[in-house]
Amino acid sequence: MSYRVFSGIQPTGQITLGNYLGALRQFVALQQDADAFYCVVDLHAITVAQDPSLLRERIVDLATLYLAVGLNPQKSTLFVQSDVSAHSELGWILQCMVHMGELSRMTQFKEKAEGKDTVTAGLFTYPALMAADILLYQTSRVPVGDDQKQHLELTRDIALRFNSRFGETFAVPEVMMLKEGARIMSLDDPAKKMSKSNPNPQSRIEILDSPDDIRKKISRAVTDSDREIRFAPQTKPAVSNLLVIYSLTADVTIDSLVAQYEGKGYGAFKKDLADVIVAHLTPIQEKHREIRGSGLTEDVLRQGAATAAQEAEETMALVRERVGLGGFRRR
Ligand code: AMP
Ligand code: TRP
């Protein structure tokens, strides 16, 4: 039986190897069995200031990458969040179901607000919009990286609260996370997650980085004090992170890598790791170049928006009726 999957990525920068290994690659694997909806969440992006023309460019770029990594529009629905107004509509309704205290506990909000003079109300209520994204599609599974776990738990709580107050309306979604790779760390600091918004570009590999840049970044990646290649996330976080990246990219086990590099230095290990990443990303980059400017992405997004809007409207009709809202407009 097919099950519903939903996930989204913000168009706020170049997609990193962390996004890819932690989330995007799962999207592709899931489309075989699942009825999947993958969204470019531009309404989430504007919780912090964005340049309008750059935002539009990044939306198309991210959707093009969805196609380049292997998402098939015949199997999955690919669309842009703001093209389906039900996201904003349900987002508002769910803001009226979630508590200030719950939102205040969100670590992503605390991290993004830290050190800022002002933050938008949207940044604070962001998890209600994310819950709307997921619940609109009666989603049963949400593939994400580890940093989204808390948001997913809140989504579940909101769904359960709504269902118990108004009657069964939403499917209660489950989070899907990798055992290793749900949190790829920065190359310059293994205590921080690899992030597209880190000011230091050396901290991350971007999916569209040139082979030369990838080799440089990997060769400069920090390592731990001894020379041993071992998997020990607590005591050797930097090398362990590189092992996870290697293992996922090359599809080999960490144990076999540890055996393969026993007695060899970091130099050989890093050189091979860079080669493996380059080999994995080159075909994706070629596909991305091929699709860009062909008009395919725009066509896929137009079709995706129509499919998503129709699906979302079914849930919205039920939500309006349950909550006691409006209902006079013919749709
Ligand atoms: P974002 O870049 O915040 O829109 O994240 C998009 C997806 O990538 C989400 O599912 C995140 O959990 C996931 N993700 C982001 N950074 C990482 C990382 N360093 N390691 C693993 N997954 C990540
Ligand atoms: N909050 C997620 C992030 O920062 C992006 C996101 C928005 C999302 N809506 C979603 C992820 C719905 C999964 C499902 O990465």
Side-chain angles (χ1 to χ4, degrees), residues 4-27 30 36-48 50 58-59 61-62 65-66 69 79-82 84 87-88 90-91 94 103 106-109 111-112 122-123 125-156 158-159 171 173-198 203-207 237 241-242 244-245 248-249 308 312:
R4 177 60 53 80
V5 162
F6 183 97
S7 196
I9 301 183
Q10 300 189 59
T12 48
Q14 292 295 326
I15 295 303
T16 70
L17 197 59
N19 295 127
Y20 177 68
L21 296 175
L24 198 44
R25 203 156 73 150
Q26 275 56 260
F27 297 4
L30 284 164
F37 283 66
Y38 298 122
C39 189
V40 175
V41 290
D42 56 347
L43 295 171
H44 280 95
I46 62 164
T47 53
V48 297
Q50 302 292 339
R58 283 174 167 168
I59 291 170
D61 230 37
L62 175 53
L65 196 63
Y66 277 0
V69 299
F79 72 106
V80 179
Q81 187 183 29
S82 62
V84 179
H87 289 254
S88 303
L90 185 60
L94 298 183
L103 295 172
M106 294 294 118
T107 54
Q108 183 169 305
F109 172 74
E111 279 166 23
K112 290 198 176 180
L123 189 67
T125 61
Y126 175 119
L129 180 61
M130 177 162 163
D133 300 340
I134 296 166
L135 301 180
L136 267 179
Y137 299 93
Q138 304 295 348
T139 302
S140 53
R141 294 191 211 173
V142 185
V144 281
D146 155 273
D147 58 346
Q148 296 305 310
K149 202 168 151 214
Q150 199 186 24
H151 287 157
L152 247 298
E153 278 158 10
L154 183 57
T155 299
R156 287 170 58 86
I158 294 173
E174 269 169 43
V175 60
M176 280 187 90
M177 264 171 29
L178 291 176
K179 210 162 124 264
E180 300 297 348
R183 196 174 186 83
I184 301 292
M185 308 312 278
S186 287
L187 300 178
D188 62 337
D189 178 0
K192 286 201 199 121
K193 75 161 184 170
M194 185 181 284
S195 160
K196 48 175 136 77
S197 56
N198 187 316
S203 68
R204 60 178 169 268
I205 303 281
E206 294 173 2
I207 301 305
N241 184 46
L242 297 179
V244 169
I245 294 174
L248 289 172
T249 309

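First listed ligand is number 1; within each ligand, the first listed atom is number 1.
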message: Students should be able to answer this: which protein heavy-atom is nearest to atom 1 (N) of ligand 2, and at what distance?
response: Tyr126 OH, 2.7 Å
- prompt: Can you list the atoms of ligand 2 that are under 4.0 Å from a heavy atom of Ile134?
  reply: 12 (C), 14 (C)
- prompt: For the residue pair His87 and Tyr137, is the inter-centroid distance of their aromatic rings smaller than 6.0 Å?
  reply: yes
- prompt: Is it the case that Asn19 and Thr16 place a side-chain donor and acceptor less than 3.5 Å from each other?
  reply: yes
task: Answer whether the closest heavy-atom distance between the side chains of Pro143 and Leu24 falls below 4.5 Å.
output: no
task: Provide the number and element of each atom of ligand 1 under 4.0 Å from a heavy atom of Gly22.
output: 21 (C), 22 (N)
- prompt: Does the side chain of Asp189 reach to within under 4.5 Å of the side chain of Ser203, using non-hydrogen atoms?
  reply: no
- prompt: Got an N/O contact under 3.5 Å between Gly145 and ligand 1?
  reply: yes
- request: Give me the ring orientation class for Tyr126 and His44: parallel if the planes are under 30° apart, tilted from 30 to 60°, perpendicular past 60°.
  value: perpendicular
message: Quick check: do Leu187 and Met194 have side-chain heavy atoms less than 4.5 Å from each other?
response: yes
Closest approach of any protein heavy atom to atom 9 (N) of ligand 2, naming residue and atom: Asp133 OD2, 2.7 Å
- prompt: What is the closest protein heavy atom to atom 5 (C) of ligand 2, and at what distance does it sit?
  reply: Gly8 O, 3.6 Å
message: Only heavy atoms of Val144, strictly under 4.0 Å: list the atoms of ligand 2 that pass.
response: 11 (C), 13 (C)
query: Can you tell me which residue and heavy atom of the protein come closest to atom 12 (O) of ligand 1, and the distance to 0.1 Å?
result: Asp147 OD1, 2.4 Å
message: Students should be able to answer this: which protein heavy-atom is nearest to atom 4 (O) of ligand 1, and at what distance?
response: Gln10 N, 3.0 Å
field: For ligand 1, the portion of Lys196 having any non-hydrogen atom under 4.0 Å away
entry: side chain
- request: Taking only heavy atoms of Gly181 into account, list the atoms of ligand 1 that are under 4.0 Å away from them.
  value: 21 (C)
- prompt: What is the nearest protein non-hydrogen atom to atom 15 (O) of ligand 2, stated with its residue, atom name and distance?
  reply: Gln148 NE2, 3.3 Å
message: Among all the protein's non-hydrogen atoms, which is closest to atom 21 (C) of ligand 1, and how far away is it?
response: Ala182 O, 3.1 Å
message: Any nitrogen or oxygen of Ala23 lying under 3.5 Å from a nitrogen or oxygen in ligand 1? Just yes or no.
response: no
task: Under 4.0 Å from a heavy atom of Val142: give me the atoms of ligand 2 that qualify, with their elements.
output: 13 (C), 14 (C)
field: Per-atom contacts of ligand 1 with Ile9, taking only distances under 4.0 Å to non-hydrogen atoms
entry: 4 (O), 6 (C)
Distance-only side-chain donor-acceptor flag, Asp147 / Gln108, under 3.5 Å: no
field: Near-ring test Phe6/Phe37, centroid separation under 6.0 angstrom
entry: no
- prompt: Which of the atoms of ligand 1 are close to Gln148, meaning less than 4.0 Å from one of its heavy atoms?
  reply: 12 (O)
- request: Output yes when the distance from some N or O of ligand 1 to some N or O of Asp146 is under 3.5 Å, and no in every other case.
  value: no
message: Which residue and atom name correspond to the protein heavy atom nearest atom 22 (N) of ligand 1, and how close is it?
response: Gly18 O, 3.2 Å
task: Could you check if a side-chain atom of Cys39 sits within less than 4.5 angstrom of a side-chain atom of Asp133, using non-hydrogen atoms only?
output: no
query: In terms of side-chain heavy atoms, does Gln50 have a donor or acceptor partner in Thr12 at a distance below 3.5 Å?
result: no
query: At a 4.0 Å threshold, what atoms of ligand 2 neighbour a non-hydrogen atom of Phe6?
result: 12 (C), 14 (C)
message: Just checking Lys196: does its NZ atom have more than 12 heavy atoms from other residues, nucleotides or ligands closer to it than 6.0 angstrom?
response: yes
- request: Could you tell me the residue and atom name of the protein heavy atom closest to atom 20 (N) of ligand 1, and the distance to it rounded to 0.1 Å?
  value: Ile184 N, 2.8 Å
Flag, side chain of Arg204 to backbone of Asn198, donor-acceptor distance under 3.5 Å: yes
- request: Look only at interatomic distance and state if Ser7 has a nitrogen or oxygen under 3.5 Å from any nitrogen or oxygen of ligand 2.
  value: no
field: Rounded distance [0.5 Å steps], OG in Ser82 versus CG in Asp42
entry: 3.5 Å
statement: So the atoms of ligand 2 within less than 4.0 Å of a heavy atom of Val41 turn out to be 7 (C), 9 (N)
message: Tell me whether Asn19 has any N or O atom under 3.5 angstrom from an N or O of ligand 1.
response: yes
- request: Check ligand 1 against Met194 and write out every atom of the ligand that is under 4.0 Å from a heavy-atom position of the residue.
  value: 16 (N), 18 (C), 19 (N)
query: Lys149 and Val144: side chain to side chain contact (heavy atoms under 4.5 Å, CB included), yes or no, with the steps?
result: CA-CA 8 Å; Lys149 202 168 151 214; Val144 281; over 6 Å; no
field: Side-chain heavy-atom pair Gln26, Met177 within 4.5 angstrom cut-off
entry: no
